[in-house]
Amino acid sequence: MPIKVYNSLTRKKEDFAPVEEGKVRMYVCGPTVYALSHIGHARSAVSFDVIYKYLKYSGYEVKYARNYTDVDDKIINRANEEGVSSEELAERYIKAFDEDMEALGVEVPNFRPKATGTIKKIIEVTETLIKKGAAYELNGDVYYSVRLKKDYGKLSGKNIDELESGSRVDVDERKKDPLDFALWKSSKPGEPAWDSPWSKGRPGWHIECSAMCMEWLGETIDIHGGGKDLIFPHHENEIAQSEAATGKTPYVKYWLHNGFVNIEKEKMSKSIGNILNIRDVLKDYTADALRLFLLSSHYRSPIDYTRDSLKDAESAMERYYKTVQRMKEEYPSAFEVESCIHCIEDRVSEMTSAMDDDFNTAEVIGTVFKEVTRANKLMDEAKATGEKKGVWTEISYTLSLFKEAGRFLGLFARTPEEYFGERNSRAAMPAEEIAGLIKEREEARKRKDFKAADSIRNGLLEKGIVLEDSAKGTTWSVKG
RNA sequence: GGCGGCGUACCCAAGUGGCAAGGGAGCAGUCUGCAAAACUGCCAUCCAGCGGUUCGAAUCCGCUCGCCGCCUCCA
């Protein structure tokens, strides 16, 4: 069965068939590196990470590029405020972004081009556009002429004439048409600048993506992704300039756009001051919880970050890893055998048909949690009847299923030790100190001095540390 | 004004023509010195409202109400 993807260009779900059979070329718009990345960036990166992983899982050979926009007004302004160079500022936030991605378990794309590393190609494409009459120079600036392409607006469903009447864009009198956008901007003193046939200057925003796509992937690519907000004008302009430059249509076969992350029903924005950085979220919640939260709804729907949403996800993650931990304790040898995929064919195909339908990760997560309940039930039954052999086999199948889901979700893929290790590293107290208090409490309990024992337990609870007594002794964990 | 989307239980959320996945919360039971945790069970005769199509609709069509995004930089 073919993979079906929702294509923003046609506004329909379509059967996915790459230009070259068996091979996929995909490009995703990365961050403009002038600040720490927020959970909106996380959503885009995680969504396309899953798509990338799933395409590979499905047998495609995938070339995946994600760029860094490292030259831009915001970068220049911020660098001036801080009194550092644009390069220095950009490098700092590229590094931070990479760290955040690693923490989130986002796989490194095959290519991570920078706009500043693609200047040669940008100039080349711009020259071609001028030569073809699709762009014009004005005092060292170069503009793309929107009027020349009759299908301008096909991605965003916009009509040029209506755009102009309702336009909020400042009209630059020099431009032939208010909608024309800059391919090359001449620089003011002190701004980063490169030599070009028109001026010492820098590229406009839209052209860099077209150039990087061509440079690293080719003139026609299969998938181009990004946030919904990029549809207009960014991706619309990319289409116009790329198709005008190469003469090849389409520039991109499938346009995929992820939905936004809202905070308490409000859009994240600087003016509201509700921008939530990835690293701040990861101070309170595990990367698995954040990923689960992001993948629990469809990638195109808006999602709402609330006080409870990450807590809910963390609780769910905890339940999953506690189950795996129990499996490991009761059936350790089931962890030593190879996965048996054909043994669980029905459940794997349940997952792949969900993924084939425009990457329905939420449904896959449902399958995994059904399996969690099932495994626990089986282990309960085995305990009651003493019949462990058949259950051992089932447990090994369950593990195979978890591993399989992990391959493309990038979730459910850690060991319980890793997961709880991350949780417990947030303890407000050194582990040795906690161990000491637990020992003290043990002794009190032996004396049946429950008052003293409870006081220790409550004291730890106030610091967010939960004690759990079991037959094997007392363990602790950080409260979610 | 133009374009697009959404409305499923207390909360989140999948399902888009055949008798409502999953997670969280809650309640009950098992366990426990008591807890916590864990596990199990229960928890939408119903899918914003009203009409229509159909043997059959949350799923298709129409209307109404409500919410949101884009049209300016933004993931």
Side-chain angles (χ1 to χ4, degrees), chain A residues 8 11 13 28-32 37-48 72-74 153 156-159 161-163 165-170 205 225-234 236 257-262 265-270 275 292-293 296-298 300-320 322-323 325-326 350 354 357 360-373 375-377 379-381 383-384 445 448-451 453-454 457-458 460-461 466-471 474-477 479-480:
Chain A
S8 304
R11 295 182 196 88
K13 262 188 214 172
V28 172
C29 287
T32 300
S37 36
H38 53 67
I39 54 175
H41 296 109
R43 184 175 198 197
S44 176
V46 168
S47 297
F48 289 104
D72 155 278
D73 287 345
K74 291 190 289 290
S156 53
K158 298 200 184 307
N159 172 306
D161 299 314
E162 279 166 8
L163 270 173
S165 58
S167 179
R168 285 187 268 166
V169 187
D170 290 335
W205 175 36
K228 264 198 167 83
D229 54 318
L230 296 178
I231 292 174
F232 188 86
H234 185 54
E236 195 68 72
H257 292 100
N258 65 273
F260 264 48
V261 181
N262 295 322
K265 307 244 187 247
E266 271 186 313
K267 188 177 162 173
M268 248 196 295
S269 82
K270 247 187 284 178
I275 292 183
L292 181 70
F293 165 69
S296 288
S297 8
H298 189 90
R300 280 191 285 116
S301 316
I303 50 175
D304 196 27
Y305 181 101
T306 64
R307 266 178 62 219
D308 292 333
S309 55
L310 263 276
K311 229 182 188 170
D312 288 358
E314 191 77 271
S315 300
M317 242 25 262
E318 208 170 315
R319 171 153 180 252
Y320 169 81
K322 287 240 164 152
T323 301
Q325 197 169 44
R326 179 182 177 193
E350 195 178 316
D357 184 12
N360 191 337
T361 52
E363 207 177 320
V364 176
I365 291 166
T367 304
V368 169
F369 276 98
K370 257 191 281 179
E371 196 66 17
V372 166
T373 301
N376 277 311
K377 220 183 273 185
M379 288 190 286
D380 280 356
E381 279 165 21
K383 223 175 214 169
R445 288 180 74 205
K448 303 248 186 254
D449 183 357
F450 295 120
K451 214 170 165 185
D454 288 353
R457 184 170 64 198
N458 291 333
L460 282 167
L461 189 62
V466 184
L467 295 190
E468 291 169 28
D469 298 328
S470 79
T474 301
T475 57
W476 63 274
S477 63
K479 197 166 63 176

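First the proteins, then the strands, lettered A, B, ... as listed; each starts at 1. In what follows, every heavy atom counts, from backbone to side chain, and hydrogens, waters and symmetry copies are set aside.
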Using Watson-Crick or G-U wobble geometry with both distances under 3.5 Å, which nucleotide pairs with [N]?
N     : value
B/G17 : none
B/C74 : none
B/G69 : B/C3
B/A57 : none
B/C63 : B/G49
B/A44 : none
B/C31 : none
B/A37 : none

Exercise. Of A/Arg43, A/His41, A/Lys267, A/His38, which is the lone residue that meets side-chain contact (heavy atoms from CB on, under 4.5 Å) with A/Val261?
Worked result: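 The side-chain contact (heavy atoms from CB on, under 4.5 Å) with A/Val261 is passed solely by A/Arg43 among A/Arg43, A/His41, A/Lys267, A/His38.
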For this session: Please name the residue in the list A/His298, A/Glu363, A/Lys13 that meets the side-chain contact (heavy atoms from CB on, under 4.5 Å) test with A/Asp357.
Result: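 Among A/His298, A/Glu363, A/Lys13, the one that satisfies the side-chain contact (heavy atoms from CB on, under 4.5 Å) with A/Asp357 is A/Lys13.
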Could you tell me how far [M] sits from [N] if I compare only their [atom1] atoms? Round to whole Å.
N     : M     : atom1 : value
B/A20 : B/U59 : C1'   : 11 Å
B/A44 : B/G7  : C1'   : 16 Å
B/G33 : B/C27 : C1'   : 25 Å
B/A48 : B/U16 : P     : 15 Å
B/G17 : B/C60 : P     : 8 Å
B/G56 : B/G41 : C1'   : 33 Å
B/C63 : B/G24 : C1'   : 37 Å
B/G15 : B/A57 : C1'   : 13 Å

Nearest to the side chain of [X], which nucleotide is it out of [options]?
X        : options             : result
A/Ala316 : B/A21, B/G24, B/G69 : B/G24
A/Met268 : B/A75, B/G22, B/C70 : B/A75
A/Trp205 : B/G4, B/C73, B/A75  : B/C73

For this session: May I ask you to decide whether A/Asp380 forms a salt bridge with A/Lys377, counting only side-chain N to carboxylate O separations under 4.0 Å?
Result: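 No, this pair does not count.
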Exercise. CZ of A/Arg307: more than 12 outside heavy atoms within 6.0 angstrom?
Worked result: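 Not buried by this count: 12 neighbours or fewer within 6.0 Å.
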Using a cut-off of under 3.5 Å, enumerate the N/O to N/O pairs linking the protein to nucleotides 11-18 of chain B.
unit_1 : atom_1 : unit_2   : atom_2 : d
B/A14  : OP1    : A/His298 : N      : 3.0
B/A14  : O3'    : A/Asn360 : ND2    : 2.8
B/G15  : OP1    : A/Asn360 : ND2    : 2.7

Exercise. Mapping A/Pro233 and A/Gly157 onto RNA chain B by nearest heavy atom, which one lands closer to the 5' end?
Worked result: A/Gly157
Exercise. Parallel, tilted or perpendicular for A/His234 and A/Trp205, by the 30°/60° rule?
Worked result: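 Ring orientation, 0 to 90° scale: parallel.
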For this session: Let me have a per-nucleotide readout for nucleotides 33-40 of chain B, 5' to 3', with B, S or -, counting only protein heavy atoms under 4.0 Å.
Result: BBBBSSSS
